[in-house]
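Presented below is the structure to which this report refers.
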2 protein chains.
Amino acid sequence: MTSSTIDRILDAAEVEFATHGFVETSLRTITTKAKVNLAAVNYHFGSKKGLIQAVTDRFLDPLTQNLKIQLSDYESSLPNGRSDEQELQHLLGILARSCQQVVQQNHHSLAILARLINTAYSQSQGHLRKHLTQQYGASFMHFMKLLRQHMPAMTNEQFFWRFHYLLGVLVFSISSSDALLAICEREYKTIRNLDQMMADIIPVMASAAQAPIIGEI
Amino acid sequence: MTSSTIDRILDAAEVEFATHGFVETSLRTITTKAKVNLAAVNYHFGSKKGLIQAVTDRFLDPLTQNLKIQLSDYESSLPNGRSDEQELQHLLGILARSCQQVVQQNHHSLAILARLINTAYSQSQGHLRKHLTQQYGASFMHFMKLLRQHMPAMTNEQFFWRFHYLLGVLVFSISSSDALLAICEREYKTIRNLDQMMADIIPVMASAAQAPIIGEI
DNA sequence: GATAGTTTTAAACGAATGTTTAAAACACTC
DNA sequence: GAGTGTTTTAAACATTCGTTTAAAACTATC
């Protein structure tokens, strides 16, 4: 089976990228862990950049697909008896559940996605960010639009900033999840997992979303 | 003046590290921008790792010193007439102001610090994180203790998680500030700066801190 | 102004990286 | 089963990196 090579590369790359970052993982460690030849990456993906893109696309494609369905279900169930606060948390929960479902179904690492977004935004030039927004921006517009409705008092610019503050909670927590879970286990003797973290984060994000606008912006 | 070489290296390294990350910036680009010889880095700082440490120490040393003074002033002014909400925002504002003052006085880049913390937590092994906590953990304990008092209903573990969610807002926003400010200017034709961002973030962090604890943790 | 210690310089080193090459192995069709 | 296109393999390639070296330049002391 020819796709076995491709899949083994993607699986190994995903793990290595998530734990050591994109720049710090070499193609040699990936191909060694995948038990394929070094040249296989360039043969199948063209370049290392192509591999990174393939790894993230393999995650984002089913995620956007899943999110689309869940958001449609959500909208068709409106109006419901939920309060504004409950509805906001439910909406944020949909994003979280979408991620979790895709992770579980395809055995992906959520940390790699968080890390990707992290590095995408940290780069000032932002080639990666542009690729993400161009490729998947439209798919997330629906979610953004629904979230926007829960912050009607804001201007578009205020919503832009607030959204990225919320994104910061998610991205930092998840991309640091390995370290945080390890610290938690060592310090508090309690073994947590990513699902519990997500459930814990959602009300925090909801509160942050509803924070009053009293800054200078 | 011999320190001119050291300072020029630190200045150039700070800018390059902040904009391109630690791994992606080479000593050659740093020494070229600093207009010093390539070997100067290893001569004065021992290694690249030593340079990274020196860059961050140059920021964190005055920051912890500044923070110590401001927190003492804050405590000696207690009790005051402020509400819980106001006091929490004031406390968070102290941290923000400390950062801003150190940045302005020493012409540092706050992005480098945020990026440092970001990479420190993203690495699963976490050598950098251990260095930061060992070197400066005690200095920030005072702040943590005061912040802890505003979340009395939480267990220590709950506070641990909540604190890192708050940290996520700061670290992601600041380390992405270059990209976000550029997008803001392009999309909304408004030129913002880091000070405005900080003022905008504080009430968001305060709300996130006060969010109810209804997760599974 | 000679001397000792410090800093700077140009060059090279060894290791690691992504990529390319060309032959070998394989898979499939007729 | 020969022939054709695809995949895998081992080796080499060209760069780039952090680091080291040894001589040169500089600074300060007596």
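Bear in mind the structure is a predicted one, so any value in this text is a computation, not a measurement. Sequence lines set the chain letters: A, B, ... in the order given, protein chains first and strands last, and positions in each chain run from 1.
- If you measure from atom CZ of A:F45 to atom P of D:dT8, you get 11 Å, rounded to the nearest angstrom.
- In this structure, CD1 of A:I52 is placed 14 Å from C1' of C:dT17, rounded to the nearest angstrom.
- Counting to the nearest Å, the P atom of C:dA16 and the CD1 atom of A:I30 are 17 Å from each other.
- Checking D:dT8, C:dT7, D:dT21 against the side-chain heavy atoms of B:Y43 singles out C:dT7 as nearest.
- The 5' end of DNA chain C is approached more closely, in terms of each residue's nearest nucleotide, by B:K35 than by the other of B:K35 and B:L38.
- Computed from coordinates, the A:L27 CG to C:dT20 C1' distance equals 13 Å when rounded to whole Å.
- In this structure, CD1 in A:I183 is found 5.0 Å from CZ in B:F160, a value given to the nearest 0.5 Å.
- Using a 4.0 Å heavy-atom cutoff across all strands shown, A:T25 reaches sugar-phosphate atoms only and no base atom.
- What separates CG of A:N37 from C1' of D:dT9 is a distance of 5 Å, to the nearest Å.
- Of the possible donor and acceptor atoms, none in the side chain of B:R115 sits under 3.5 Å from a partner among the backbone N and O of B:S175.
- Considering only side-chain atoms of B:R28, the nucleotide from C:dT7, C:dT19, D:dG18 that sits closest is D:dG18.
- The aromatic rings of B:H164 and A:F172 lie parallel to each other, with less than 30° between the two planes, well short of the 60° mark.
- An OP1 or OP2 oxygen of D:dT19 is reached within less than 4.0 angstrom by a side-chain nitrogen or oxygen of B:N42.
- You'll find the side chain of A:W161 stays beyond 4.5 Å of the side chain of B:V204, heavy atoms only.
- Between A:T5 and D:dT8 there is a side-chain N or O to OP1 or OP2 distance below 4.0 Å.
- Here the P atom of nucleotide C:dT7 and the CG atom of B:D7 are 14 Å apart, to the nearest Å.
- Candidate nucleotides D:dA10, D:dG18, C:dG18 were compared by shortest atom distance to the side chain of A:K48, and C:dG18 ranks first.
- Between A:I9 atom CD1 and D:dT7 atom C1' there is a gap of 11 Å when expressed in whole angstrom units.
- Taking side-chain N and O atoms only, A:S26 has no distance below 4.0 Å to OP1 or OP2 of C:dA16.
- Put simply, B:H44 has no side-chain N or O that comes within less than 4.0 Å of OP1 or OP2 on C:dT6.
- At distances below 3.5 Å, at least one donor-acceptor pair connects side-chain atoms of B:S177 with backbone N or O atoms of B:I174.
- Per the geometry, CD1 belonging to B:I6 stands 10 Å off C1' belonging to C:dT7, to the nearest Å.
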